[in-house]
Protein chains: 2
Amino acid sequence: MFSLAEENYLKAIYHLESKHKGAVSTNAIAEVMDTKPSSVTDMVQKLADKKVLSYVKYKGTSLTDEGRKTAANVIRKHRLWEVFLVDKLKFHWDEVHDIAEQLEHVHSEELIARLDKFLGFPDFDPHGDPIPDKNGNVKPTEKKLLSELNKKQHGVCVGVKESNSDFLQYLDKKNITIGTKISVLGKEFFDGSMVIQVGRDQFFISKKIAENLYIQTN
Amino acid sequence: MFSLAEENYLKAIYHLESKHKGAVSTNAIAEVMDTKPSSVTDMVQKLADKKVLSYVKYKGTSLTDEGRKTAANVIRKHRLWEVFLVDKLKFHWDEVHDIAEQLEHVHSEELIARLDKFLGFPDFDPHGDPIPDKNGNVKPTEKKLLSELNKKQHGVCVGVKESNSDFLQYLDKKNITIGTKISVLGKEFFDGSMVIQVGRDQFFISKKIAENLYIQTN
DNA sequence: TCTTAAATTTAGACAAGGCTAAAAATAAAA
DNA sequence: TTTTATTTTTAGCCTTGTCTAAATTTAAGA
Ligand SMILES: [Mn+2]
Ligand SMILES: [Mn+2]
Ligand SMILES: [Mn+2]
Ligand SMILES: [Mn+2]
């Protein structure tokens, strides 16, 4: 059994590993955990003792299979609760993260199994992120960023990269949500900005927006 | 905002106050919290500083209005989650307490408001205990213990006093649940045992059983 | 009332997590 | 290859919540 703090560290390291290849640096962890590098060192040494990650002084850490599975399980819980909050309690998709952040630490295998069933065994959370299975496996999906598309290409929005409130509220204003069809009408190579079509509307979006929307094309 | 430990102390003191009149003793708190009296003294002094209870050395403690409201709110959350677990996730009523014990500490007013609505604003939890409203008020119900009934009296089971697994499973075996009609066919004054009728079945119960079943007669 | 027993509090420690300041190791620059 | 800058770790201290052992207070018995 892992403490709340330990679970949060494992989750953070899991996400960092999936973004950048190679060992995760102490400073990177401190950054996302919003804590000091010295605190990270302490915790990482403790987690290494517990065999959930391997740690080499000054070189960084990487999760063991055990650690990866544990982290994936916390993420599984987080995302299932987010589905519950949106689908059942009718929360808006920009309101659920902080609550799920607490719910993810409730310990009960049975609870999650039943919640999963109650929700109809969802594959994705409200932000389009995949929900790991009981064993910590995530089926790989072929999605790309909207910013990778070129003029005249189109696809369906399947997720968001960053999911902070401001961004999600912007998407709502533009009627973009998971499942929305998006077509690229024009693309400016100088700044990466685009003109896209969503439903009947055509409008301009910045590169930053395009880099935070996942699209599935096929 | 109160810590998990503080919330549990407040809840325990709230329950103790409702059972025995007068100030709650340090030892009584230690007993139900399964901790040492010295630890209780420390915590109780801290909670007194926070104005949620009044504490007089060697004399005991009692909740302030503020403390009572805070405690009732934790209990409200506990019971609403129990309703969720039984009604929605189809848990059995003897399996939900420990999970609710964790869920009750998730902080979000909005979450509880929406959960309440999702559950249809229930008045009682799966064990027949009343759910306090947002302001910490519980409507008083006129219920008595089955052991207080005499021969030929009858009523409807509206709750259980102790709700440990063994007892709840016994009740299931006997087909007794919230809403079940129970008639007293005989009562032995020597040991308080009874013969009762439940549906078509008639059987013997000990005084201990009768003292843990709440009945509404009218 | 005097003495013993029970309840309660105080003193001193400990583990988990976290912080700051200083030291050590590694990476980058000259 | 030195020197300097950056990253990371160590050392020492703090807070929360808990515990044991010892001291105090209150209650009970003679
Ligand atoms: Mn989230
Ligand atoms: Mn999400
Ligand atoms: Mn309960
Ligand atoms: Mn209950």
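Lettering of chains follows the sequences in order, A, B, ..., and the numbering in each one begins at 1.
The NE2 atom of His78(B) sits 10.5 Å away from the CD1 atom of Ile131(B) when rounded to the nearest 0.5 Å.
Within 4.0 Å (heavy atoms only), Ser39(A) reaches at least one base atom of the nucleic acid.
Atoms CD (Glu31(A)) and P (dT6(D)) sit 16 Å apart, rounded to a whole Å. Taking atom CD of residue Glu6(B) and atom P of nucleotide dT18(D), one finds them 10 Å apart after rounding to whole Å. Rounded to a whole Å, the CG atom of Asn8(A) is 14 Å from the C1' atom of dG18(C).
Between Asp129(A) and Val160(A), the closest heavy-atom pair is OD1-O, 4.2 Å.
Counting non-hydrogen atoms of neighbouring residues, nucleotides and ligands closer than 6.0 angstrom, the NZ atom of Lys36(A) reaches no more than 12 such neighbours. The 12-atom threshold is not exceeded at NZ of Lys144(A), counting heavy atoms of other residues, nucleotides or ligands nearer than 6.0 Å.
Under the 4.5 Å side-chain criterion, counting only non-hydrogen atoms from C-beta, Leu213(A) is not in contact with Leu145(A).
Within the structure, ring pair (Phe, Tyr, Trp, His ring centres under 6.0 Å) contacts touching residues 9-59 of chain B (residues at least two apart or in different chains) do not occur.
Mapping Met43(B) and Lys36(B) onto DNA chain D via the closest heavy atom, the residue that lands nearer the 5' end is Met43(B).
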Going 5' to 3' along nucleotides 7-13 of chain D, which nucleotides have protein heavy atoms under 4.0 Å from the base (write B), which only from the sugar-phosphate (write S), and which from neither (write -)? SBBB---
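The side chain of Ser3(B) contributes no N or O atom lying less than 4.0 Å from OP1 or OP2 of dT16(D).
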